[in-house]
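Have a look at this one before I ask anything.
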Amino acid sequence: MAELSQGLEIVRVGYGHPDATLLVDEVQAEYVVRYGGPDHTPLDPMMFEPPLGSFYVGYLDLQHRRTPVATGAWRFHDDVEAFGTTRVAEIKRMYVVPAARARGLARAMLAHLERTASEGGAEAMVLETGTAQPEAVGLYESSGFTPIPSFGYYKDEPLNRCYAKPLPARPRSAT
């Protein structure tokens, strides 16, 4: 099922989908520019298959062509506690291609991730980002995320920043 927001059609796909792979490669290249290397966090594609998580690609109609312009994913991460619960979903691979930035697409994808994770049973969202991504930090802070102690693969890195946000209770679905 696709969702339309800001003209962005958000579609759940497998982690190995060609459009997902294309955009993950692009975000990894951006990490190389910003941090000097790609994200080495170990990821199993099955982490992004329901009910464990979900991976999404956002499409825009650009020049009469359906074009992949954004990604976002979440996976359950039960070894992190936030707001008194370990029923947390971690945001992964949030990215908008440079040509489609400053249109509210990242905010639309983030809202979609929050909603679908909540529907999947998550009680809070957590994420890792870094100081070399000030626009990401700004997005998360302006969306109600608050700093938490570092966790995950990069928890001991000085540029690491972690955030969390409680999610509203929602009816569960098979998202």
Side-chain angles (χ1 to χ4, degrees), residues 10-58 68-83 85-98 101 105-107 109-118 120-141 143 145-167 175:
I10 300 173
V11 180
R12 194 188 78 70
V13 301
Y15 188 78
H17 185 279
D19 293 337
T21 301
L22 171 75
L23 294 174
V24 166
D25 288 348
E26 286 187 29
V27 73
Q28 290 285 21
E30 187 150 333
Y31 293 151
V32 170
V33 170
R34 292 183 186 225
Y35 296 103
D39 181 351
H40 293 291
T41 303
L43 296 178
D44 178 343
M46 294 309 295
M47 295 173 174
F48 302 106
E49 291 295 326
L52 302 176
S54 289
F55 196 99
Y56 298 92
V57 172
V69 296
T71 60
W74 61 266
R75 64 177 178 166
F76 276 107
H77 206 311
D78 62 6
D79 61 343
V80 175
E81 184 175 324
F83 304 105
T85 183
T86 56
R87 193 78 182 140
V88 301
E90 180 186 16
I91 294 171
K92 297 300 290 179
R93 300 299 183 251
M94 277 282 296
Y95 177 70
V96 176
V97 300
R101 292 181 184 164
L105 303 181
R107 194 168 300 278
M109 180 64 79
L110 181 59
H112 181 81
L113 296 177
E114 291 176 16
R115 182 181 59 76
T116 57
S118 179
E123 297 172 359
M125 297 290 295
V126 296
L127 63 92
E128 286 183 280
T129 190
T131 57
Q133 295 170 268
E135 62 276 51
V137 169
L139 169 68
Y140 298 132
E141 290 180 351
S143 297
F145 284 79
T146 57
I148 62 170
S150 289
F151 68 90
Y153 190 79
Y154 292 101
K155 69 181 176 188
D156 297 322
E157 294 296 324
L159 300 179
N160 178 278
R161 297 295 180 269
C162 293
Y163 291 87
K165 179 180 180 177
L167 295 175
T175 304

Check your understanding: Can you name the residues that form a ring pair (Phe, Tyr, Trp, His ring centres under 6.0 Å) with Phe151, not counting sequence neighbours?
Key ->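 Residues passing ring pair (Phe, Tyr, Trp, His ring centres under 6.0 Å) with Phe151: His77.
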Sub-4.5 Å side-chain heavy-atom contact between Leu22 and Glu26: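 Yes, their side chains come closer than 4.5 Å.
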Open item on the list: Listing request: all side chain to side chain donor-acceptor pair (under 3.5 Å) pairs with a residue in residues 39-49, at least two apart in sequence or in separate chains.
Closed with: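 Qualifying pairs, neighbours excluded: Asp39-Thr41, Asp39-Arg93.
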- Task: Under the side-chain contact (heavy atoms from CB on, under 4.5 Å) rule, what do Arg75 and Tyr15 come out as? Steps first, then yes or no, please.
- Result: CA-CA 12 Å; Arg75 64 177 178 166; Tyr15 188 78; over 6 Å; no
- Output the distance between atom CG (Leu159) and atom OG1 (Thr131), rounded to the nearest 0.5 Å.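 Result: 4.0 Å between the selected atoms.
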**Study point:** Residue pair Thr71, Val27: steps toward the side-chain contact (heavy atoms from CB on, under 4.5 Å) verdict
**Key:** CA-CA 9 Å; Thr71 60; Val27 73; 5.7 Å; no
So which heavy atom on Ala136 is nearest to which on Thr129, and how close?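 Residues Ala136 and Thr129, closest heavy atoms: CB-OG1, 3.8 Å.
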Problem - side-chain contact (heavy atoms from CB on, under 4.5 Å) against Thr85, all qualifying residues, sequence neighbours excluded - result: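 With neighbours one apart ignored, the set is Arg87, Val88, Glu123, Ala124.
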Discussion item. Measuring from atom CH2 of Trp74 to atom NE2 of His112, what distance do you get when rounded to the nearest 0.5 angstrom?
Written reply: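 Here the interatomic distance stands at 10.0 Å.
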Distance-only polar pair, side chains of Tyr163 and Glu141, donor-acceptor under 3.5 Å:
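Yes, a side-chain donor-acceptor pair sits under 3.5 Å.
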Between Gly58 and Met109, what is the shortest heavy-atom contact and its length?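 Looking at all heavy atoms of both residues, the shortest contact is N-CE, 3.8 Å.
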**Asked** Can you name the nearest heavy-atom pair linking Gly16 to Thr21, along with the distance?
**Response**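 Answer, listing the atom of Gly16 first, then Thr21: O-OG1, 3.5 Å.
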ask   = Between Val13 and Asp19, is any pair of side-chain heavy atoms under 4.5 Å apart?
value =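 Sidechains of Asp19 and Val13: no contact.
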query: Going by heavy atoms in the side chains, are Leu139 and Met94 under 4.5 Å from each other?
result: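 Leu139 reaches Met94 side chain to side chain.
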Minimal non-hydrogen separation, Ala20 against Gly14, with atom names |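 It is CB-O, 3.9 Å.
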### Message
Quick check: do Tyr35 and Gln133 have side-chain heavy atoms less than 4.5 Å from each other?
### Response
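Counting from C-beta outward, Tyr35 and Gln133 do come under 4.5 Å.
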Shortest non-hydrogen contact between Arg12 and Pro50, atoms and distance =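 So the minimum-distance heavy-atom pair works out to NH1-CD, 3.6 Å.
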**Study point:** Intermediate values then yes/no, side-chain contact (heavy atoms from CB on, under 4.5 Å), Phe55 and Val24
**Key:** CA-CA 11 Å; Phe55 196 99; Val24 166; 3.8 Å; yes
Review point. Ser143 and side chain to side chain donor-acceptor pair (under 3.5 Å): which partner among Arg107, Lys165, Glu114?
Key: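 With Ser143 as partner, side chain to side chain donor-acceptor pair (under 3.5 Å) holds for just one option, Arg107.
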field: side-chain contact (heavy atoms from CB on, under 4.5 Å) involving Pro18 - partner list, sequence neighbours excluded
entry: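 Counting only residues at least two positions away or on another chain, Pro18 forms no side-chain contact (heavy atoms from CB on, under 4.5 Å).
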ask   = Do the side chain of Arg101 and the main chain of Val96 share a donor and acceptor less than 3.5 angstrom apart?
value =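 Between the backbone of Val96 and the side chain of Arg101 there is a qualifying donor-acceptor contact (under 3.5 Å).
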Worksheet item: Quick one: CE on Met47 to CG on Leu52, what's the gap to the nearest 0.5 Å?
Response: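 Here the interatomic distance stands at 9.0 Å.
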*Could you list the residues that satisfy side-chain contact (heavy atoms from CB on, under 4.5 Å) with Ala29, not counting sequence neighbours?*
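So Ala29 forms no side-chain contact (heavy atoms from CB on, under 4.5 Å) with any residue.
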- Query: Shortest non-hydrogen contact from Gly120 to Phe76?
  - Reply: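 Here Gly120 and Phe76 meet closest at O-CZ, 3.5 Å.
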Applying side-chain contact (heavy atoms from CB on, under 4.5 Å), run through Val97 and Leu23 and close with a yes or a no.
CA-CA 8 Å; Val97 300; Leu23 294 174; 3.5 Å; yes
| said: So, taking the atom named CE in Met125 and the one named CD in Glu90, what distance separates them when rounded to the nearest 0.5 Å? | reply: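 Output value for this atom pair is 9.0 Å.
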- Going by the side chain to side chain donor-acceptor pair (under 3.5 Å) test, which pairs reach into residues 146-156, not counting sequence neighbours?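 Pairs touching residues 146-156 that pass the test: Ser150-Asn160.
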